[in-house]
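So the structure is just underneath, and the comments pick up after that.
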Amino acid sequence: MTATKSEFLNVLQTRGFIQDCTDLEGLDEAMKDGPISAYIGFDCTATSLHVGSLLPIMMLRWLQRTGHKPIVLMGGGTTKIGDPSGKDEARKLITPEIIADNMAGIRKVFDKYVTFGEGKTDALMVNNDDWLSGLNYIEFLRDYGRHFSINRMLTFDSVKLRLEREQPLSFLEFNYMLLQAYDFMELNRRHGTLLQMGGSDQWGNIVNGVDLTRRVAGNTVFGLTVPLLTTADGKKMGKTAQGAVWLNEDMLSPYDFWQFWRNTADADVERFLRLFTEIELDEVARLGALQGSEINEAKIVLANAITTLCHGAAAAASAEKTAREVFEAGGVGGDLPVVGFSEAEIADGLSVVQLFVKAGLAKSGKEVKRLISENGARIDDEAVTDPAMKLQASDFGSGQLKLSAGKKRHALARLED
């Protein structure tokens with residue numbers, strides 16, 4: 001890849017963010033001439049984003065740090081349809097009220113990574129419902145539909161994969177790429193936006209926006225994608241056996257967030273340090289080269305740096321302290337997830353299976369029983385051997401019990417007044 005001159009593209013290039021760009025040399029020149037605005041779109045399908053969105057969020061952060069203006073485009077309009085990219089079936093349609101609630105929750109994520117305001121490089125959050133819901137369908141088809149080739153759209157992965165798998169693709173979803181292209185043109189018209197960024201699965205949609213803006217408005221704009229991130233074992237980022245790794249603390253505790261990064265595979269440490277932290281690359285290389293047990297210190301640096309960005313330095317320090325107490329001293333850390341029980345609730349005995357499910361350490365009784373059979377379930381560091389075991393109030397000697405599922409997942413069961 002050609003070396004870039006603008007600071008932003010140089011950061012992205014050296015840290016491994018860039019997958020494809022419509023015109024890297026042209027974008028590089030545009031970014032050298034002064035601040036530009038660039039955007040990434042996020043649909044409002046949940047009240048928080050998860051770590052699968054962290055790569056584009058870091059791009060917006062670097063964009064602002066290098067003197068440009070980030071625009072966070074909330075898909076209040078497109079969420080009503082649903083993006084078919086990477087999906088085997090249509091998303092369930094959600095109400096405007098739920099979309100508004102989700103948008104408010106997602107805003108909390110971005111407040112941690114970029115600075116909003118009225119300044120030249122201050123971030124801006126906009127909602128595509130502001131212009132999409134007012135479109136006249138006949139006029140939209142007449143003015144813009146003629147610029148889209150069905151033949152070409154059928155070649156995009158988001159469409160082609162669904163058709164190859166013989167999964168239904170509704171006309172509603174097919175329209176999504178037209179609306180996303182229109183978003184780019186509208187942002188260029190309203191804010192002079194020159195760049196859309198996104199995951200590599202958005203390449204076709206981004207190219208459509210570049211082409212539409214050129215054909216209708218006569219303006220040159222650019223598209224840039226990042227790789228879709230997977231772990232060293234090929235798994236998609238953002239999900240674990242316990243569910244999504246959310247960025248909002250009301251969806252996932254800072255401790256569990258910290259633990260997710262602390263448990264990074266050795267082969268992923270250096271790459272994740274490059275992508276998800278702002279640590280200097282020389283130090284990243286040093287940490288990534290550590291071997292054996294020393295790599296664990298690099299993982300702690302990784303977990304602390306990412307948690308500090310997302311939840312603050314105090315939350316990161318508290319999570320590390322708790323982890324050291326739990327794993328190194330065999331104690332009970334103050335940040336562990338807590339599930340409470342009243343004496344009345346356990347008057348007839350509390351099933352150990354129910355206990356582990358309620359504590360979030362297993363999704364089902366079947367999973368708990370498998371955990372017990374594999375010697376992975378522990379209470380106060382003692383192995384549970386009987387899935388029929390029941391606990392009484394008297395078993396909560398100090399008022400709480402430490403529960404462990406394997407070596408890395410822990411919770412507290414607490415007896416409440």
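Just the heavy atoms: all of them, side chains too, but no hydrogens, waters or symmetry mates, feed the values below.
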Checklist entry - Does any donor atom in the side chain of Asp122 or Thr115 lie under 3.5 Å from an acceptor atom in the other side chain? => result no
Next on the checklist: Treating Arg262 as the side-chain partner and Glu320 as the backbone partner, does any N or O pair qualify as donor plus acceptor under 3.5 Å?
Outcome noted: no
Checklist entry - When rounded to the nearest 0.5 angstrom, what distance separates CD in Gln259 from OG1 in Thr264? => result 10.5 Å
Item to check | Heavy-atom side-chain proximity of Arg190 to Trp131 below 4.5 angstrom | outcome: yes
Checklist entry - Closest heavy-atom contact between Ile279 and Ala305? => result CD1-CB, 4.2 Å
Item to check | Set of residues satisfying side chain to side chain contact (heavy atoms under 4.5 Å, CB included) with respect to Ala123, sequence neighbours excluded | outcome: Gln64, Pro70, Val114, Phe116
Item to check | Nearest-0.5 Å distance, CD1 of residue Ile71 to CG of residue Leu124 | outcome: 5.5 Å
Item to check | Val352 side chain reached by Ile372 side chain, heavy atoms, under 4.5 Å | outcome: yes
Checklist entry - Could you walk me through whether Arg274 and Leu281 pass the side chain to side chain contact (heavy atoms under 4.5 Å, CB included) check? => result CA-CA 7 Å; Arg274 286 177 180 271; Leu281 291 178; 3.6 Å; yes
Next on the checklist: Which residues pass the side chain to side chain donor-acceptor pair (under 3.5 Å) test with Thr193, not counting sequence neighbours?
Outcome noted: Ser37
Item to check | Any donor-acceptor pair under 3.5 Å from Thr79 side chain to Cys44 backbone | outcome: yes
Checklist entry - Any donor and acceptor pair, going by atom type alone, linking the side chain of Thr14 with main-chain N or O of Val11 inside 3.5 Å? => result yes
Checklist entry - Do side-chain atoms of Thr213 reach the backbone of Val210 as a donor and acceptor pair under 3.5 angstrom? => result no
Checklist entry - Is a side-chain donor or acceptor of Lys69 paired with a backbone partner of Tyr39 at a separation under 3.5 angstrom? => result no
Next on the checklist: If I compare all heavy atoms of His68 with all of Ile36, which pair ends up nearest, and what's the gap?
Outcome noted: ND1-N, 3.0 Å
Item to check | From CG (Asp183) to CD (Glu186), nearest 0.5 Å | outcome: 8.5 Å
Next on the checklist: Do Phe341 and Leu355 make a side-chain contact, defined as non-hydrogen atoms from C-beta onward lying under 4.5 Å apart?
Outcome noted: yes
Checklist entry - Any side-chain heavy-atom pair from Phe272 and Leu229 closer than 4.5 angstrom? => result yes
Item to check | Which atom of Pro227 lies closest to which atom of Ile18, heavy atoms considered | outcome: CD-C, 4.4 Å
Item to check | Shortest non-hydrogen contact from Leu361 toward Leu403 | outcome: CD1-CB, 3.6 Å
Item to check | Heavy-atom donor-acceptor pair, Glu294 side chain to Leu290 backbone, under 3.5 Å | outcome: no
Item to check | From CG (Asp268) to OG1 (Thr231), nearest 0.5 Å | outcome: 5.5 Å
Item to check | Plane angle bin for Trp261 and Phe276 - parallel if under 30°, tilted between 30 and 60°, otherwise perpendicular | outcome: tilted
Next on the checklist: For Phe356 and Val339: C-alpha separation, side-chain torsions, deciding distance, then whether side chain to side chain contact (heavy atoms under 4.5 Å, CB included) applies.
Outcome noted: CA-CA 10 Å; Phe356 273 73; Val339 58; over 6 Å; no
Checklist entry - Going by heavy atoms in the side chains, are Val72 and Phe42 under 4.5 Å from each other? => result yes
Item to check | salt bridge (charged side-chain N to carboxylate O under 4.0 Å, His left out) contacts in which one or both residues fall within residues 99-119, not counting sequence neighbours | outcome: Arg107-Asp111
Checklist entry - Is any side-chain heavy atom of Val269 closer than 4.5 Å to a side-chain heavy atom of Lys299? => result yes
Item to check | Leu275 side chain reached by Met58 side chain, heavy atoms, under 4.5 Å | outcome: no
Item to check | Set of residues satisfying side chain to side chain donor-acceptor pair (under 3.5 Å) with respect to Gln354, sequence neighbours excluded | outcome: none
Next on the checklist: Below 30° counts as parallel, above 60° as perpendicular, anything between as tilted: where do the rings of Tyr255 and Trp258 land?
Outcome noted: parallel
Item to check | Short side-chain to backbone donor-acceptor contact, Ser373 and Arg370, under 3.5 Å | outcome: yes
Checklist entry - Shortest non-hydrogen contact from Lys369 to Pro387? => result CG-CB, 4.0 Å
Item to check | Ser48 to Trp246 - nearest heavy-atom pair and separation | outcome: O-CZ3, 3.1 Å
Item to check | Evaluation steps, side chain to side chain contact (heavy atoms under 4.5 Å, CB included), between Met31 and Thr4 | outcome: CA-CA 10 Å; Met31 299 195 87; Thr4 51; over 6 Å; no
Checklist entry - So, Asn10 side chain and Lys5 main chain: donor-acceptor pair closer than 3.5 Å or not? => result no
Checklist entry - Is the number of heavy atoms from other residues, nucleotides or ligands within 6.0 Å of CG (Asp282) greater than 12? => result no
Checklist entry - Ignoring hydrogens and geometry, is there a side-chain-to-backbone donor-acceptor pair from Ser318 to Ala314 under 3.5 Å? => result no
Next on the checklist: With a 3.5 Å distance limit and no angle check, can you tell me whether Arg15 reaches the backbone of Thr277 through a side-chain donor-acceptor pair?
Outcome noted: yes
Checklist entry - Do Tyr113 and Leu60 come close enough that some side-chain heavy atom pair is under 4.5 Å? => result no
Item to check | Pairwise distance CE(Met185) to CG(Asn208) - rounded to 0.5 angstrom | outcome: 12.5 Å
Checklist entry - Going through the distances and angles, do Arg324 and Glu297 end up as a salt bridge (Lys or Arg N to Asp or Glu O under 4.0 Å)? => result CA-CA 12 Å; Arg324 290 193 185 279; Glu297 288 307 310; 3.7 Å; yes
Checklist entry - Which side chain to side chain donor-acceptor pair (under 3.5 Å) pairs, counting each pair once, include a residue from residues 53-62, with sequence neighbours left out? => result Arg61-Glu278
Checklist entry - Do Gln202 and Gln180 pass the side chain to side chain contact (heavy atoms under 4.5 Å, CB included) test, and can you show the C-alpha distance, the side-chain angles, and the key distance before you say yes or no? => result CA-CA 10 Å; Gln202 296 296 314; Gln180 185 169 328; 3.2 Å; yes
Checklist entry - Applying the side chain to side chain contact (heavy atoms under 4.5 Å, CB included) test to Leu252, which of Asp250, Asn248, Asp256 qualifies? => result Asp256
Next on the checklist: Rounded at 0.5 Å granularity, tell me how far CG in Leu247 sits from NE2 in His50.
Outcome noted: 8.5 Å
Next on the checklist: A quick test of your reading: do over 12 heavy atoms of other residues, nucleotides or ligands sit less than 6.0 Å from CD of Glu25?
Outcome noted: no
Would you tabulate the side-chain donor-acceptor contacts of residues 215-223 under 3.5 Å, counting partners in other chains and residues two or more places apart, or write 'none'?
from	atom 1	to	atom 2	distance (Å)
Arg215	NH1	His147	O	2.6
Asn219	ND2	Asn188	OD1	2.8

